[in-house]
Amino acid sequence: MSKKNKTRRPKARLPKGMRDGQAREIRAMNAMLEKIRAVYELYGFEPLETPAFEYSDALGKFLPDQDRPNAGVFSFEDEDKQWLSLRYDLTAPLARYVALNYDGLPKPYRRYATGSVWRNEKPGPGRFRQFTQFDADTVGAPVGAADAEMCMLMADVMEAVGIKRGDYVIRVNNRKILDGLREIVGLADSEHDGKWLTVLRSLDKYDKFGIDGVKLLLGTGRKDDSGDYTKGAELDDNQIQIIVGFVIQFIESLIPLSESNLEEDHDEKLFNKDSAEGPYVLETDDMLEEWRENIFHESEIGLQGVQELEDMLNLFESAGYGTLRIQIDPSVIRGLEYYTGPVFEAEVTFDVKNDKGQVIQFGSVGGGGRYDGLVARFKGIEIPATGMSIGVSRLYTALQALGELEDETTGPMLVLVMDKERIADYQKMTQELRAAGIRCEMYVGGSGMRAQMKYADKRGAPCVIIQGDDERNAEEEMVTIKDLVEGSELSKQITDNKEWREGRPAQFSVKRDELVEAVRLVLKRHTGQEG
RNA sequence: GCCGCUGUAGCUCAGUUGGUUAGAGCGCCUGAUUGUGGAUCAGGAGGUCAUCUGUUCAAUUCAGAUCAGCGGUACCA
């Protein structure tokens, strides 16, 4: 036999950037999705499903072009020469849906949606080419309450899935404030579009690199630890000073906790400062006042942004959401060519470690904002909209790091096939147990009893049902129930295999017609599961 | 895209200063036990040493390139 005769087989492999999901993960994920869904429902949103792909032109700016039809999105040409693309988010399909059904929908229209989205780009750490989003959006509501609601909704979702208050934060900003800032530093002219984009990206790095990093990025550029160099925006010192002054205004607005009128069980984030006066709280009102009077006093759009933020803050305040949950953060940027007003981002604040124990840069688990221009692409009239999106896989990873994902699911109990001639009898027992609501299966493999016991063990079966000749031929027909959970406990004290096997620990026999009742008792003891 | 690190069995890793049959632990399969999961013991399967090219009498080992994974960074609807 030469090597050349080797059969050519396809190699079993996973497409790049894709993942398989296993039982444990799917269960935990479903449980998490259910918690999120419950919050959306509670807020009054309606479910909506749209298809996985849409006509490419409906998805917006990432149209397939002749040269690279799959840049960014996965696309294909239909028989009728029309281009279709897999959706890359859930917002563009929503805009299409609203435009298509506008007349029949209640206005505002509030819906939630979940599903896979696809992006054809190089997968990175924690980034895949297929992933799940879970969105809630309000279409047809002007700026204000609808946006504030999105932030509170995100905070509630975080807590619903098990992230404690203080372990996450919703950071809020307003695009109009940034537009105002642009005016003030004299970059409003469209010839400075590129430069301003660089400024925004620099600001976005504030939470990552701190104020010094932002200064470098606004100026000449910054070299990071890995040796990569990022070109700066090359602003002059005066411009940098204005922007930096704006960003760090909150430091000026911190007052000692002792001077605030907060109660013990406050919902405010505490900051540290080099001083003996103890923890500080952010006086948001002071900060907005400073912005208004010293930064945006000559920018109409800027003042409008400050006003929008203040309106939202008032709603947070009256609803009891303090800065521990939702806080203003002028460095939140997001969707540069997309959002038109308030923008917000949900971030976890605890350390997330990978399986090697390294703390990794985790980033946000969700975000959103106001996109007043999106539906207009179809309708010609501007329909205001605001929404948010939860990155389900990322949130799941974060919860994993928190150890919040307990999997209490036990396997099904197993009816052993002791005698292949009597499968019908075993099947009947199985169905009886199922009819009683007990998760149960009959062994459908081809191996002997020992293998069946191993199978039961591997599946996490709480117990098995045994009926061989001994039970069958007893004076009155019996079945044996072996409690695998208790057996496992007992095995710790037994070292001799013969004793282990012949002792037949943790098993007992009952009359055939008492099977269901006896199983119920065993399950109740171990899993709390009731029939 | 850019920078760095890493690729040897299903998993975690050792090893070869270049030399015939590449190892361990865990896991998996079989048996000791014709009706009993654990433990123990015995046996077994499983590797083109990521791929390709080069240097060499000889490459899993050295060099280069490529690919993949990880981390950072960039981009992010």
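Every chain is numbered from 1 and lettered A, B, ... according to where its sequence line falls, protein lines coming before strand lines.
Atom NZ of K231(A) and atom P of C2(B) are 19 Å apart (whole Å). Put simply, CD1 on I466(A) is 10 Å from P on G37(B), counting in whole angstrom units. When the C1' atom of C75(B) is taken as reference, atom CD1 of I333(A) falls 15 Å away, rounded to whole Å. For the pair L203(A) CG and C75(B) P, the interatomic distance rounds to 13 Å; values are reported in whole Å. Protein atom CG of L197(A) is 10 Å distant from nucleotide atom P of A77(B), rounded to whole Å. Rounded to an integer number of Å, the gap from CD of Q22(A) to C1' of C11(B) is 14 Å. Y455(A) places its OH atom 20 Å from the P atom of G35(B), with the value rounded to the nearest Å. Rounded to an integer number of Å, the gap from CD of Q452(A) to P of G37(B) is 12 Å.
Here C28(B) is the nucleotide among U73(B), G35(B), C28(B) with the atom lying nearest to any side-chain atom of K458(A). Comparing G37(B), G35(B), A77(B) by their closest approach to the side chain of M453(A) singles out G37(B). Checking G38(B), A74(B), U36(B) against the side-chain heavy atoms of M449(A) singles out U36(B) as nearest. Comparing atom distances between the D470(A) side chain and each of G35(B), U73(B), G37(B) picks out G35(B) as nearest. Minimum atom distance to the side chain of V73(A) is reached by A77(B), of the listed A74(B), A77(B), U36(B).
The pair R525(A)-E486(A) meets the salt-bridge criterion, with a side-chain N (NZ, NE, NH1 or NH2) lying under 4.0 Å from an Asp/Glu carboxylate O. A salt bridge is defined here as a Lys NZ or Arg NE, NH1 or NH2 lying under 4.0 Å from an Asp or Glu carboxylate O, and R472(A) with D425(A) meets this definition. Using a cut-off of 4.0 Å between Lys/Arg side-chain N and Asp/Glu carboxylate O, K379(A) and E382(A) are scored as not salt-bridged. Look at R459(A) and E441(A) and you find a salt bridge, because one of the NZ, NE, NH1 or NH2 atoms lies within 4.0 Å of a carboxylate O, short of that distance. Look at D372(A) and R370(A) and you find a salt bridge, because one of the NZ, NE, NH1 or NH2 atoms lies within 4.0 Å of a carboxylate O, short of that distance. Using a 4.0 Å cut-off between charged side-chain N and carboxylate O, D137(A) and R110(A) make no salt bridge. A salt bridge links D207(A) with R171(A): the distance from a Lys NZ or Arg NE/NH1/NH2 to an Asp or Glu carboxylate oxygen falls below 4.0 Å. Look at E54(A) and R96(A) and you find a salt bridge, because one of the NZ, NE, NH1 or NH2 atoms lies within 4.0 Å of a carboxylate O, short of that distance. With salt bridges taken as basic N to acidic carboxylate O contacts below 4.0 Å, none links R501(A) and D496(A).
Separating the C1' atom of U6(B) from that of A50(B) is a span of 11 Å, rounded to the nearest Å. Using C1' as the reference atom, A63(B) and U56(B) are 12 Å apart when rounded to the nearest Å. As rounded to the nearest Å, C62(B) and G7(B) have P atoms that lie 11 Å from one another. When the C1' atom is used for both U16(B) and G23(B), the distance is 11 Å, rounded to whole Å. G19(B) sits 42 Å from G38(B) when the P atoms are compared, rounded to a whole Å. For the P atom pair drawn from U51(B) and C67(B), the interatomic distance equals 15 Å after rounding to whole Å. Comparing A22(B) with G69(B), their P atoms are spaced 30 Å from each other, to the whole Å. Across U61(B) and C49(B), the matching P atoms stand 9 Å from one another, rounded to whole Å.
OP1 or OP2 of C75(B) lies within a sub-4.0 Å distance of a side-chain N or O belonging to K205(A). Taking 4.0 angstrom as the limit, K482(A) places none of its side-chain polar atoms (N or O) nearer than this to OP1 or OP2 of G35(B). Residue R201(A) has a polar side-chain atom (N or O) positioned under 4.0 Å from OP1 or OP2 of C76(B). OP1 or OP2 of A74(B) lies within a sub-4.0 Å distance of a side-chain N or O belonging to K208(A).
If you check distances only, the side chain of R504(A) does reach the base of U36(B) with a donor-acceptor pair under 3.5 Å. Applying the 3.5 Å distance criterion, the base of G35(B) shares a donor-acceptor pair with the side chain of E471(A). For U36(B), the base has a donor-acceptor partner in the side chain of Q507(A) [N/O atoms by modelled type, under 3.5 angstrom].
Cation-pi geometry between R334(A) and Y339(A) is not met: the NZ or CZ atom fails to fall both under 6.0 Å from the ring centre and inside 45° of the normal.
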Requested in this report: Determine, step by step, whether Y88(A) and F74(A) satisfy the ring-ring contact (aromatic ring centres under 6.0 Å, His included) criterion, reporting the C-alpha distance in whole Å, the side-chain angles of both residues, the deciding distance to 0.1 Å, and the verdict.
Outcome: CA-CA 9 Å; Y88(A) 55 80; F74(A) 294 98; over 10 Å; no
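The residue F209(A) sits close only to the backbone: its heavy atoms come under 4.0 Å of sugar-phosphate atoms, none of a base.
A perpendicular orientation is assigned to the rings of Y40(A) and F134(A), their planes being inclined by more than 60° (bins at 30° and 60°).
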Any protein N or O atoms within reach of nucleotides 39-43 of chain B? Criterion: under 3.5 Å, listing atom names and distances.
| from | atom 1 | to | atom 2 | distance (Å) |
| --- | --- | --- | --- | --- |
| A39(B) | N6 | N497(A) | ND2 | 2.7 |
| A39(B) | N3 | T495(A) | O | 3.3 |

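For RNA chain B, each stem of at least three Watson-Crick or G-U pairs (distances under 3.5 Å) is given as range with range: B:1-7 with B:67-73, B:10-13 with B:23-26, B:28-32 with B:40-44, B:50-54 with B:62-66.
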